[in-house]
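In what follows, a structure is listed as structure tokens, so that the remarks can point back to it.
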Amino acid sequence: MQRSQFVRNGTARGVTPALSASPTRTSRPVLGRATAPASPMAHLLDAGVLPQQQMMQAGKLSSHALTSQYLVRIRSLCSMGARQYPGIEINPDALKIALEMDRERSLHKVRGPLHGIPLVLRDDIATADRMKTRVQGVTLYASCDAFIVARLRAAGAVIIGKSNLRQWAAVSVPQATASWAGLTILAVGSEADGSMLAPASACGLVAIKPTGLANGPIASSVREAAWLFDAMAGGTGAPLPAMGLQSCRIGVVRSLSGSCADSDAVMEQALLVLREQGVELIDPLVLPHASEGGIEQLLQAQGLAALVAPTCDDTPRLQPGLPHITVPAGAAAGLPVGLSFIGAAHAEARLLAIAYAYEQATLHRRTPALPSSITVALR
């Protein structure tokens with residue numbers, strides 16, 4: 001399937017958390033109301049986690065103000081029409097949580113790089129709050145947080161809402177792709193047959209599918225995705241490992257190039273960059289007709305740090321049990337194109353270092369262009 005077809009017609013399969021129905025709770029409105037503070041700092045919504053944290057540390061921004069701005073953006077986008085901008089269910093307690101994070105900061109308690117940072121979850125991830133969890137067409141309330149949600153809360157993240165499955169898995173028009181890329185700076189998705197990695201690639205975002213797990217981080221940069229991944233694993237924001245691409249051996253998976261024809265030119269440019277950075281490319285790499293174990297044996301036998309391929313709806317199916325990262329690599333036919341790095345089981349740290357080195361050598365990520373009415377609303 002070509003990328004343009006995927007953007008129009010993608011599908012998703014959810015992951016089922018443990019849930020319990022709660023008939024006593026009333027339905028919450030899909031959109032909550034928040035008033036943006038009178039501030040000229042709307043550009044911070046797209047600046048990234050590090051500038052946001054620096055502003056909060058300097059006392060020039062609060063989590064409450066940042067969360068309010070994101071809520072205004074989401075509400076404005078969704079009010080433009082459900083067909084182009086499918087709804088996000090807002091957490092009615094988001095601003096309350098943000099205030100608590102601000103209170104902790106005022107007491108010099110900062111939990112880590114995600115402290116006070118808003119993020120969105122896919123709505124099949126269980127949360128024990130007033131937001132609904134949707135699984136296989138059924139809407140329920142979770143009796144407890146999914147373990148990754150508990151860890152994100154412990155890291156100080158502000159869960160501001162949930163994105164519906166259809167919006168996460170695919171978008172109906174290219175304009176919605178750009179809009180989704182700017183709803184928040186961080187998100188957590190569920191990977192099933194490309195329902196997280198391929199959409200992230202189409203939005204010009206970084207996404208990580210961890211070893212053997214369905215849930216993974218989505219962010220605007222590798223550093224932010226690494227922070228989110230670390231928080232989901234129960235860490236405290238460990239820095240990215242220092243590792244360049246010099247003398248790194250990477251296998252090129254050419255078998256996917258034909259299914260992503262409009263991305264081939266971008267792929268060739270990416271391979272050129274890797275060579276210029278000192279990577280030894282094994283091109284083409286012949287894959288074994290085997291499962292993940294066969295790929296891991298191949299990586300070990302040939303001394304490969306990773307496989308590389310264009311990110312499309314077929315790439316995540318290549319090795320569903322192995323860690324996989326997609327990074328922005330450019331654009332084709334007006335849409336972002338991602339580059340996939342796939343590594344050995346539990347080798348996420350090395351894979352992140354490779355992805356970070358490539359990202360810093362290219363800086364292909366571009367802030368999405370939002371409608372002028374949204375930009376005006378946030379000033």
Side-chain angles (χ1 to χ4, degrees), residues 28-80 85 87-121 127 129-131 149 152-163 179-188 217-221 223-224 227-228 231 237 367-379:
R28 304 298 304 179
V30 172
L31 295 173
R33 289 194 172 272
T35 302
S39 168
M41 297 187 295
H43 66 281
L44 277 176
L45 298 186
D46 300 309
V49 172
L50 184 58
Q52 292 169 354
Q53 285 290 3
Q54 290 171 337
M55 291 287 285
M56 286 191 280
Q57 191 65 25
K60 298 179 180 179
L61 180 69
S62 67
S63 176
H64 184 273
L66 184 64
T67 301
S68 296
Q69 291 269 22
Y70 277 122
L71 292 178
V72 168
R73 173 179 281 189
I74 291 171
R75 183 160 56 90
S76 299
L77 284 171
C78 292
S79 68
M80 297 181 70
Y85 304 101
I88 287 182
E89 182 183 14
I90 295 300
N91 182 358
D93 299 318
L95 293 176
K96 179 181 177 181
I97 296 170
L99 282 173
E100 175 59 21
M101 293 302 102
D102 288 333
R103 186 191 70 80
E104 289 188 5
R105 189 182 294 273
S106 71
L107 298 175
H108 307 288
K109 178 184 177 182
V110 178
R111 305 187 187 193
L114 300 189
H115 188 104
I117 300 297
L119 61 81
V120 167
L121 304 176
T127 55
D129 51 25
R130 292 190 283 170
M131 290 187 291
V149 174
L152 290 171
R153 294 192 199 276
V158 179
I159 300 172
I160 64 171
K162 291 185 174 183
S163 167
S179 299
W180 168 239
L183 291 180
T184 58
I185 208 72
L186 298 175
V188 177
I218 299 178
S220 60
S221 73
R223 188 206 314 254
E224 292 162 355
W227 282 340
L228 187 50
T367 300
L370 293 169
S372 58
S373 58
I374 304 303
T375 305
V376 171
L378 292 171
R379 288 176 182 171

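Small disclaimer: the values here were computed from a predicted structure and weren't measured. We count residues from 1, following the sequence as given.
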Minimum heavy-atom separation for [X] and [Y], please, with both atom names.
X      : Y      : answer
Ile117 : Gln52  : CD1-OE1, 3.6 Å
Ile185 : Leu45  : CD1-O, 3.5 Å
Thr67  : Ala98  : OG1-CB, 3.6 Å
Arg130 : Glu89  : O-OE2, 4.1 Å
Ile160 : Tyr70  : CD1-CB, 4.1 Å
Leu119 : Ala157 : CD2-CB, 3.6 Å

Heavy-atom side-chain proximity of [X] to [Y] below 4.5 angstrom:
X      : Y      : answer
Val110 : Met56  : no
Ile159 : Ile97  : no
Leu121 : Ser163 : no
Leu71  : Ile90  : yes
Arg103 : Lys109 : no
Ile218 : Leu228 : no

Exercise. Name all residues meeting the salt bridge (charged side-chain N to carboxylate O under 4.0 Å, His left out) criterion together with Arg111; count only those two or more places apart in sequence or in a different chain, and write none if there are none.
Key: Glu104

Quiz item: Just by modelled atom types, is the Ser62 backbone N or O under 3.5 Å from a matching donor or acceptor in the Asp102 side chain?
Solution: no

Exercise. Answer yes or no: is there a donor N or O on one side and an acceptor on the other, between the side chain of Asn91 and the main chain of Gly161, under 3.5 Å?
Key: no

Quiz item: In chain order, what residues pass the side-chain hydrogen bond (donor to acceptor under 3.5 Å, both in side chains) check against Glu224, with sequence neighbours excluded?
Solution: Ser220, Ser221

Quiz item: Between Leu186 and Leu114, does a side-chain contact (heavy atoms from CB on, under 4.5 Å) hold up when you go through it step by step?
Solution: CA-CA 10 Å; Leu186 298 175; Leu114 300 189; 3.6 Å; yes

Quiz item: Would Lys162 and Asp129 count as a salt bridge (charged side-chain N to carboxylate O under 4.0 Å, His left out) if you check the C-alpha gap in whole Å, the side-chain angles of each, and the deciding distance to 0.1 Å?
Solution: CA-CA 12 Å; Lys162 291 185 174 183; Asp129 51 25; 5.3 Å; no

Quiz item: Under 4.0 Å between a Lys/Arg side-chain N and an Asp/Glu carboxylate O for Arg73 and Asp46?
Solution: yes

Exercise. Give, for atom CD of Gln54 and atom CG of Leu44, the distance between the pair rounded to the nearest 0.5 Å.
Key: 10.0 Å

Quiz prompt | For Lys96, all residues meeting side chain to side chain contact (heavy atoms under 4.5 Å, CB included), sequence neighbours excluded | solution = none

Practice problem: Output, in order, the C-alpha distance, side-chain angles, deciding distance and verdict of side-chain contact (heavy atoms from CB on, under 4.5 Å) for Leu66 and Met101. | Solution: CA-CA 12 Å; Leu66 184 64; Met101 293 302 102; over 6 Å; no

